[in-house]
Structure formats: C-alpha cells, structure tokens
Amino acid sequence: MKKITIFIICIVVANLLYAREEAWVGEWVTLKCPEATVPFGWEAAIMHSYVWSVASYSQDKVTLSRLTTPSIAVTPTCLYEGEVTITVKHSFYLTRVIGGKSQDKASSETHTFRLACKKVNISLYPSELDLHIGESYPLQYSYDTSQSNPPVSTSFFSDNETVASVDFNGVVYAKGIGESIITAKTNYGTHSSCKIKVLPIDVKQVSLTPLNINLFVDQTASITASIIPQNATNTFLDWYSSDEGIVEVDNTGFIKALKPGGAEIKAVASSGVFGCCYVTVLPIEVAYIQLEKNYIELSVGECFTNLVSIIPENATYKALNWFSSDPLVAGVDNEGRIEGISNGAAIINVEANNGISAKCNVVVKDRDSSIPIIKDMENKEYRIYTLMGENLGRRTLSSLAKGVYVIKWKNGKYEKFQVH
C-alpha cells in the first residue's frame, strides 16, 4: 500500500499576554516564547521558526537581540511612559497518522509581551506643614530605591507662589497668608506633595511707654507703643480709655486730660495681647488770689463788694470761702460783699480750697449822729442789731430796752439810733 502524505496549512493566532516585564534603561531582561500548543491527536514536528518584532512607532524605545530564537534579551533604550508591546510569531508543523495516512499541517501562534520602564517613587515629608510669614523650611524627601538608570532627579513646584515658593533643593519660603501645594516630581514622572498653610505672625507682646503719666486738666501727651516681634503681620493697635470722661485717647496713643481722676489706657493687638499705661489727671490749683482792694473804710451799715481775680484763670476749683475776723464789726457773704456792722476794725479773708488766700483790712466808723426816734416809728418792725453785731431780728422799737441800736431802713442802709 502506498503511503499518502497530506499537507494541511493551518495558522493559529494566539494573542496571549504571557508576561509584563520592567527594566531600567540598559537593563536586559529575557523573554521566552512559550511551547507550541499541540491539539489532541497531533504531534509537533521538529521544524520551528520564531520572529520577534516591535511596532514601528516603538522601535526607538527598546532594543531586541536574536530575533529568530525562542528566547531574546530586551532592554529599554530610553526612559518612556507606558509600555512597549513586543510580539513573537512562532511557526511550526503538526503531524498525525489517520487510517494509515500521514497528515501534516503548518501552524503558528503569536504571543505578546509588554515591557515598561521601572519607576522611582518619591515620598515628601511632611505631608502638611504650617509656617508663619517669613519662615522657611527644608522639605525632606526619599526614593523607594537607591539604584536606577537613568539616575533619579527631582524638581519642585508651588501652585501658589504668592503664598509659598520653593527652591531647587526643596526649601519652602512662606510669603503670604493662605495655602499652597508644594509638589516634588521626579524625571520618572512620579510625584509627592505637601500642603503648606501660611499663617500671620501674631503680636506676642505690647509695651507702652511711659507706664504712668501725671497730667493737669487740659494737658496732652503721647504714649508710645512697641510690639514683639517687630515683624508681626498686623501691627495695628486699638486704643481704649477706661474712663473717657477723665482721659480720651485716639488711635495713635495721643491722650488729653479732661477732668481730675484716674484712667487706664490700653493698646490691644489683633492677637488679643495688650499693654497698659495709667494716667492720673491732677486739678489745676489756684496759685494766687488778688482782691480789688486790700483796705477799705466803711460806715456802719455801708456795704462794698470786693472783686476778686483767680490766677490762673483756668484753675479747676474756683470756689472761694469768705470769712471775717470780727463779724460784729464787718460781715461778708459768699460773693465778697462786705458790710459795716459796728465801729472797729476787722480783716476779711478769702481762701481757695488749696489754702491760697488773700485779705482785706476793713475799718468801720460810726456815723456822726443818731437818727432821732420819730413817734410814728415806734410801732413799726425793723431789723435790729446791737452795737456788738448781735442780730435781734425784726422787732418794733417800742419793744427795745434803752440803749443804742443799729436799724436797717431807707434804701437798705444801716443807721444808728438810741432808745431812751
């Protein structure tokens, strides 16, 4: 019987993801084509062929060795993103015997490999950081490997330079109040970030100079404030007086004394800290009292108002006390009105509340004659004084004992008369 050989051509495409490999640039890895898949009842023939290939747009990214062998070495020639697909077409023959007849067929499989560049991951420390304006801080960073090709390099970026900037070494500089994200990025495309919050520089201490001030009414002064630290963000101070009726203050520390007493001046920063100064307002004392006349002569019953001048004119307390050294000779009221009562001499004193005083010498003389008692005067009431200055009140002349008296009558004048 003659043997008949039948050739059957059969191409089987097997798009199998055999492996995903990673390598540094220049690092070779081995890719091995799997054994041929032999259907049941068939046997693999000895003849095989292998064709390894890369898509044309990726040929500059990798290098392949021995393109016609079951195993090849492959390496990235540059740092690239993603993966490069490498295929191998495995061609072979299958054979079998059916009914004494030998059958052969050609078959092939395509296998896919993927090669990626290894990555260097970076970690940035800390992940969040609070800084005050003007402060700087060197961020720390590390890689997940100590060996790489190409060598790892890092660059730093800020998403808000007005808040925080960063130099090529990863040193952060706080510039303005707000938030900024600092990112460290490697040449491998990996990155890590730190959130920066920039805070204002608060005033820690407020000191006022001087700490105590004594002023007279209507006097003014300036209080100087100093703050710590001097580079505080907000240096504005609010000024307050504990009693604005005694001392008033403006927003620069300028004060004015209004009336005697005491008040505390306080300068408060936005952070809540404050400094204090105590102000004592003193009255303007009377320095000198000047009378219109320092010597006067009066007749009994005669009056004279002695005008008074106070120096200084703006003295705080201008109230004066008047008194006579001998009120039976000369009397005086609170307005400085002096009245002759009886023959003699007296000193009229006027005194301020601080003891400053002035005096006026008064001589009172009798009139030359007494008023004769007219009959129709006897039953009328008059204000009667004795020669010693005793006020007998309002009485009729007929009720008086014999003697000499002073009577107030006719236009308010005082006259002396005698009861027989």
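No hydrogens, no waters, no symmetry mates; every other heavy atom, side chains included, goes into these values.
In this structure, Lys266 forms no cation-pi arrangement with Tyr240, as its terminal cationic atom is not both closer than 6.0 Å to the ring centre and no more than 45° off the ring axis.
Between Ile86 and Leu64, the closest side-chain pair of non-hydrogen atoms falls below 4.5 Å. With a 4.5 Å cut-off on side-chain heavy atoms, Ser136 and Val172 do not count as touching. Side-chain atoms of Leu258 and Ile246, non-hydrogen and from C-beta on, never get closer than 4.5 Å to each other. For the pair Tyr137 and Val171, the minimum side-chain heavy-atom distance is 4.5 Å or more. Side-chain contact between Val350 and Phe323 is absent, with no heavy-atom pair separated by less than 4.5 Å. By the 4.5 Å heavy-atom criterion applied to side chains, Leu208 and Thr224 are not counted as neighbours. At a threshold of 4.5 Å between non-hydrogen side-chain atoms, the residues Ile181 and Ile196 do not count as touching. Taking 4.5 Å as the limit, every side-chain heavy atom of Val203 sits out of range of all side-chain heavy atoms of Asn234.
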Val364 and Ser342: CA distance, side-chain angles, deciding distance, side-chain contact (heavy atoms from CB on, under 4.5 Å) verdict
CA-CA 6 Å; Val364 180; Ser342 64; 5.7 Å; no
Step by step, would you call Ile182 with Val166 a side-chain contact (heavy atoms from CB on, under 4.5 Å)?
CA-CA 7 Å; Ile182 303 298; Val166 61; 4.1 Å; yes
Could you walk me through whether Val247 and Val281 pass the side-chain contact (heavy atoms from CB on, under 4.5 Å) check?
CA-CA 8 Å; Val247 182; Val281 180; 3.5 Å; yes
Show, in sequence, the C-alpha distance, side-chain angles and deciding distance for Trp52 and Phe113, and conclude whether the ring-ring contact (aromatic ring centres under 6.0 Å, His included) test is met.
CA-CA 10 Å; Trp52 294 83; Phe113 300 84; 5.5 Å; yes
Evaluation steps, side-chain contact (heavy atoms from CB on, under 4.5 Å), between Ile341 and Glu339
CA-CA 6 Å; Ile341 304 299; Glu339 191 173 344; 4.2 Å; yes
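With rounding to the nearest 0.5 angstrom, the OG1 atom of Thr280 is 9.5 Å from the CD1 atom of Ile213. Separating the CD1 atom in Ile348 from the CG atom in Leu291 is a distance of 10.0 Å, to the nearest 0.5 Å. Distance check, rounded to the nearest 0.5 Å: OG of Ser165 to CZ of Phe156 gives 13.0 Å. We find the CD1-CD distance between Ile201 and Gln230 to be 12.0 Å, quoted to the nearest 0.5 Å. Atom CG of Leu131 is separated from atom NZ of Lys175 by 13.0 Å, given to the nearest 0.5 angstrom.
The nearest pair of heavy atoms linking Asn187 to Leu79 is O-CD2, 3.1 Å. Lys365 approaches Asn343 most closely through the heavy-atom pair CA-OD1, 3.5 Å.
With sequence neighbours excluded, no residue forms a salt bridge (Lys or Arg N to Asp or Glu O under 4.0 Å) with Glu351. Residues meeting the salt bridge (Lys or Arg N to Asp or Glu O under 4.0 Å) test with Glu179, sequence neighbours left out: Lys195. Residues forming a side-chain hydrogen bond (donor to acceptor under 3.5 Å, both in side chains) with Asn214 (at least two apart in sequence, or on another chain): none. Checked against salt bridge (Lys or Arg N to Asp or Glu O under 4.0 Å), Lys61 has no partners two or more places apart in sequence or in another chain. Looking at residues two or more places apart in sequence or on another chain, you find a side-chain hydrogen bond (donor to acceptor under 3.5 Å, both in side chains) between Asp250 and Thr252. Thr220 meets the side-chain contact (heavy atoms from CB on, under 4.5 Å) test with Phe254, Lys256; sequence neighbours excluded. Partners of Pro70 by side-chain contact (heavy atoms from CB on, under 4.5 Å), not counting sequence neighbours, listed by chain and number: Tyr50. Under the side-chain hydrogen bond (donor to acceptor under 3.5 Å, both in side chains) criterion, Asp167 pairs with Tyr173, sequence neighbours left out. Take Tyr295 and apply the side-chain hydrogen bond (donor to acceptor under 3.5 Å, both in side chains) test, not counting sequence neighbours, and it matches Glu297. The ring-ring contact (aromatic ring centres under 6.0 Å, His included) test applied to Trp24 returns Tyr188, not counting sequence neighbours. Legend: residues meeting side-chain contact (heavy atoms from CB on, under 4.5 Å) with Thr162, ordered by chain and number and at least two apart, are Asn160.
For His132, the NE2 atom counts as densely surrounded, since its 6.0 Å shell holds more than 12 non-hydrogen atoms of other residues, nucleotides or ligands. The environment of Lys185 atom NZ is sparse: at most 12 non-hydrogen atoms of other residues, nucleotides or ligands sit within 6.0 angstrom. Atom NZ of Lys119 is surrounded by more than 12 heavy atoms from other residues, nucleotides or ligands within 6.0 Å.
In the model, Asp159 has no side-chain atom that pairs as donor or acceptor with a side-chain atom of Thr183 under 3.5 Å. The closest side-chain donor-acceptor pair between Ser71 and Thr30, if any, does not fall under 3.5 angstrom. With hydrogens and angles left out, the side-chain atoms of Thr85 and Glu83 include no donor and acceptor closer than 3.5 Å. Donor-acceptor pairing under 3.5 Å is lacking for the side chains of Glu335 and Thr305. Under 3.5 Å, the side chains of Thr87 and Ser53 contain a donor-acceptor pair of N or O atoms. Side chains of His90 and His111: a donor-acceptor N/O pair is absent below 3.5 angstrom, by distance only.
Here the two rings, on Trp42 and Tyr93, have centers that are 6.0 Å apart or farther.
In this structure, Ser192 contributes its side chain and Leu124 its backbone to a donor-acceptor pair below 3.5 Å. Side chain of Thr63 to backbone of Thr75: no donor-acceptor contact under 3.5 angstrom is found. Within the 3.5 Å criterion, the main-chain N or O of Glu285 finds no donor-acceptor partner in the side chain of Asn354. No donor-acceptor pair under 3.5 Å is formed between the side chain of Glu244 and the backbone N or O of Ser241. Side chain of Gln140 to backbone of Pro138: a donor-acceptor contact under 3.5 angstrom is found. Checked by atom type and distance alone, the side chain of Lys318 pairs as donor or acceptor with a backbone atom of Glu313 at under 3.5 Å. Side-chain atoms of Asp202 do not come within 3.5 Å of backbone N or O of Thr233 as any donor-acceptor pair.
In summary, Lys89 and Glu109 do not engage in a salt bridge, as defined by a charged side-chain N under 4.0 Å from a carboxylate O.
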Would you give me the side-chain donor-acceptor pairs under 3.5 Å for residues 142-150, sequence neighbours excluded?
residue	atom	partner	partner atom	Å
Tyr143	OH	Thr154	OG1	2.5
Asp144	OD1	Asn121	N	3.0
Asp144	OD2	Asn121	ND2	2.9
Thr145	OG1	Gln147	N	3.3
Thr145	OG1	Gln147	O	3.1
Ser148	OG	Pro150	O	3.1
Ser148	OG	Val152	N	3.4
Asn149	ND2	Val25	O	2.4

